Amino acid sequence: MNIKKPFTLSKKKSKFNGFTVFLFVVLSIYALVLIALLVWGLLSSFKTDLFFTKHSLFEWPNPFKFDNYINVFTKFTYAKTDFIEMLGNSIFYAVGCAVFATLIPCVTAYVCARFKFKFLKVYYVIVIVAMVIPIVGSLPSEIKMAQMFGLYGNLWGIWIMKANFLGLYFLIFYSTFKNLPETYNEAAKIDGANNWNIMVKVMMPLARNTFVTVFLLQFINFWNDYQTPLIYAGTHPTLSFGVYLVLQYGGPTCGLLSGPPSLMSLTVVALLPPLVLFLIFHKRLMSNLTVGGIK
Amino acid sequence: MTAVGEKINKGIGGLANRKGDLIFCLALLLWPTIQFAIFYVGVNFNSILLCFQKIEFVDGVNVSSWGLENFATNFKDAFTFMAGSLFGSQLRLSLLFWILGLIVGTSLGMMFSYFIYKKLRGYSFFRTILFLPSIISITVVIVLYKTFININIGPAMGYPSGITDEPSLMVPQLIFFTLWFSFGTSVLMYSNAMCNISTEVVEAAELDGATGFKEFWHISLPGVYSTFCVFFVSSVAGICTNQHNVWTFYGTEAPEQVQTIGYYIFQQSHMVSESGQGKYTMLAAFGIILTLIAVPLTLGARKLLERIGPSST
């Protein structure tokens, strides 16, 4: 049976015009620059120093060597901390901080959103005020307080310092819990659940997506952070800290060769975990982030 | 049981429930409250107390003394530093980063958001690319960028030792890097805000013959005004604290011409943590003076934006 196309007076209007074509070109250049940098870094990491001195652009490595990566895993050392220890420090620091920095604002936001006591509004106001009012130069004081409480020089000390409810994620969790219907609470209470059971078995599972997204973002943020471990736990270097050290002082200070290929292999190893997480969870990270946008 | 008895029971049960809820809330808020009291209130209070201290490194030991005289000395040192050429240069660079970030970075970010919001060809790919610098460590990006331009572009431009260490190019390349890699979550936030714009308004504009740029200027921009306000206020608050990647590029001994206020504070704090020395009492006074300047600026910016912004109707 032949189905005729409906008659239309005008053609479907193209979304592309001068302005959007300009944006497309700029975005394409941006994407090209970023991807080119990453590809260049990857290609360079497989080159020998000798080959790199004559072929430092996008030439295919010849010979194609894994030696730089072997050196990263076996020879990379700073202050008697080898690569495996640094990797362990990174995981310890990032996971611990991400857990506390996600759980505390989540629980605080739950209490503020689901209970009707007047004093709970104070916590919400504190979060807003802390975001708006800039406090400059408190870092020396924070270092002194960390030393006073015995938190200085330990990665777990940083967990405690990061376990606060301040910041944007409190507002995201607050919004999530505020939008959950009261009927869930009432149904659970009728079934005899107490506040703890309601929170853990009813409400938290409903906020699971937001929790996981925030946790992933916090993990990536702490994995990439080198300045906090630099200041508070310099004797427990993380992988990001190691990359910074090689950038500033050169490969030989950390047991690597002096040429750029060594540095590139270290950066590829350092960037892999957050990149892999992003590739696996990119839809969740970007879609939930847009849902949690600021009003 | 009578109806009154049931009501009384419900009342008593209600009271017991409220008491149980209160205990539950207090128990869960115990740690966040203590942590806030120590590491926010306590830290900032300690910052004020540091202004009354003088710490001298004598025979390998830090010796501290307290007094109003020290308070005056610390603030005098801070004001003296602020009157000097180094602070002037740091302030100028911090303001330059802020202005360029606002004019170039925010404008481009909003335009990119518009592209993603309109779901034009390749929007999903570009959205992922724009978000990538938020995922990859900035240290890694700087390593790649710095090594590439110093080895490949510097010699081609006649700078054999590289671009990032060339005095005349240090600041321009730093500005370029900071602007180029500053997109990320802000683009996603803006595009999300644009999704809340009524489709009828957009269709009406199209019927009236509005071009892409006119739709962006007259409809999309007012639609994301509240999101813009949040980022603008945060950027004003960050003028004195944002390092703009100077530490990662240049480490502990950055040349004076690339130092920002945020870098200087971090540099001095690092000296405190490394060696126990450093001008941290002067730094505490310096931080308080900057806070007293930044707070009214931030609140004033917020008020101004509320006043000049489009109406919600």
Side-chain angles (χ1 to χ4, degrees), chain A residues 15-17 19-20 23-24 27 30-31 34 37 40-41 56-57 104 107-108 111 115 117 120 126 130 132-145 161 163-166 195 220 224 226-227 231 240 243-244 247-248 260 263 267 270-271 274-275 278 282 286 289-290 293-295, chain B residues 21-22 24-25 28-29 32 35-36 39 42-44 46-47 50 111-112 115 118 120 126-129 131-132 135-137 139-140 143-145 147-148 151-152 185 188-189 192-193 211-213 226-227 230 233 237 240-241 251 265 269-270 272-273 280 283-284 286-287 290-291 294-295 298:
Chain A
K15 285 183 181 176
F16 273 99
N17 48 50
F19 178 58
T20 49
L23 291 180
F24 183 85
L27 278 167
Y30 181 90
L34 188 58
L37 263 182
W40 176 80
S56 63
L57 283 171
I104 302 299
V107 168
T108 312
V111 171
F115 292 90
F117 298 107
L120 293 174
I126 285 173
V132 171
I133 295 191
I135 306 286
V136 185
S138 62
L139 191 51
S141 171
E142 210 170 307
I143 294 169
K144 290 310 227 180
M145 296 285 273
M161 292 168 68
N164 62 68
F165 64 93
L166 303 174
N195 281 319
I220 290 169
N224 293 332
Y226 75 90
Q227 291 192 349
I231 291 281
S240 290
V243 174
Y244 164 77
L247 174 65
Q248 295 304 323
L263 182 54
T267 56
L271 95 89
L275 191 62
F278 176 68
H282 71 277
M286 290 196 291
L289 190 68
T290 56
I294 299 165
K295 288 188 183 165
Chain B
D21 289 351
L22 181 64
F24 179 73
C25 291
L28 285 183
L29 292 177
Q35 209 274 359
F36 172 75
F39 290 103
V43 161
N44 291 310
N46 191 42
S47 252
L50 277 176
M111 288 193 242
F112 292 162
F115 189 97
K118 294 305 269 185
L120 297 169
F126 289 131
R127 188 176 65 166
T128 305
I129 289 291
F131 195 61
L132 215 48
I135 300 297
I136 302 173
S137 162
T139 319
V140 166
V143 164
L144 293 169
Y145 166 84
T147 313
F148 184 83
I151 287 174
N152 296 308
T185 50
L188 295 181
M189 295 288 191
N192 172 59
T211 60
F213 184 76
S226 59
T227 307
V230 172
V233 168
C240 297
T241 53
I265 292 171
S269 305
H270 180 250
V272 169
S273 74
Y280 53 90
L283 209 54
F286 178 55
L290 289 177
T291 303
V295 167
T298 309

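In what follows, chains are A, B, ... by sequence order, proteins preceding strands, each numbered from 1. This structure is a prediction, so every number in the text was calculated from the model and none was measured. No hydrogens, no waters, no symmetry mates; every other heavy atom, side chains included, goes into these values.
At least one side-chain heavy atom of Leu27(A) sits under 4.5 Å from a side-chain heavy atom of Phe115(B). Asn224(A) is not listed as a side-chain neighbour of Ile136(B), based on a closest heavy-atom distance of 4.5 Å or more. Contact of the Asn195(A) side chain with the Asp21(B) side chain is registered, since non-hydrogen atoms from C-beta on lie closer than 4.5 Å. Inter-residue side-chain proximity for Ile151(B) and Pro260(A) is flagged as met; some heavy-atom pair is nearer than 4.5 Å. Annotation: side chain of Thr20(A) is not in contact with side chain of Lys118(B) (no heavy-atom distance under 4.5 Å).
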From CA spacing to verdict: side-chain contact (heavy atoms from CB on, under 4.5 Å), Phe36(B), Ile126(A): CA-CA 10 Å; Phe36(B) 172 75; Ile126(A) 285 173; 3.4 Å; yes
side-chain contact (heavy atoms from CB on, under 4.5 Å) between Leu139(A) and Leu283(B), worked out: CA-CA 9 Å; Leu139(A) 191 51; Leu283(B) 209 54; over 6 Å; no
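Here the closest non-hydrogen pair linking Leu275(A) and Leu132(B) is CD1-CD1, 4.0 Å.
The aromatic rings of Phe112(B) and Tyr30(A) sit tilted relative to each other, their planes meeting at an angle between 30° and 60°. Between Trp40(A) and Phe148(B), the angle of the ring planes goes over 60°, which puts this pair in the perpendicular group of the 30/60° scheme.
Contacts between Tyr244(A) and chain B at a heavy-atom distance below 4.5 Å involve backbone atoms as well as side-chain atoms. For chain B, the nearby part of Ile143(A) is the side chain; its heavy atoms alone come within less than 4.5 Å. For chain B, the nearby parts of Glu142(A) are the backbone and the side chain; heavy atoms of each come within less than 4.5 Å. If you measure heavy-atom distances from Phe213(B) to chain A, the contacts under 4.5 Å come from both the backbone and the side chain.
By number of non-hydrogen pairs under 4.5 angstrom with chain A, the leading residue of Leu28(B), Thr147(B), Thr128(B), Asn152(B) is Asn152(B).
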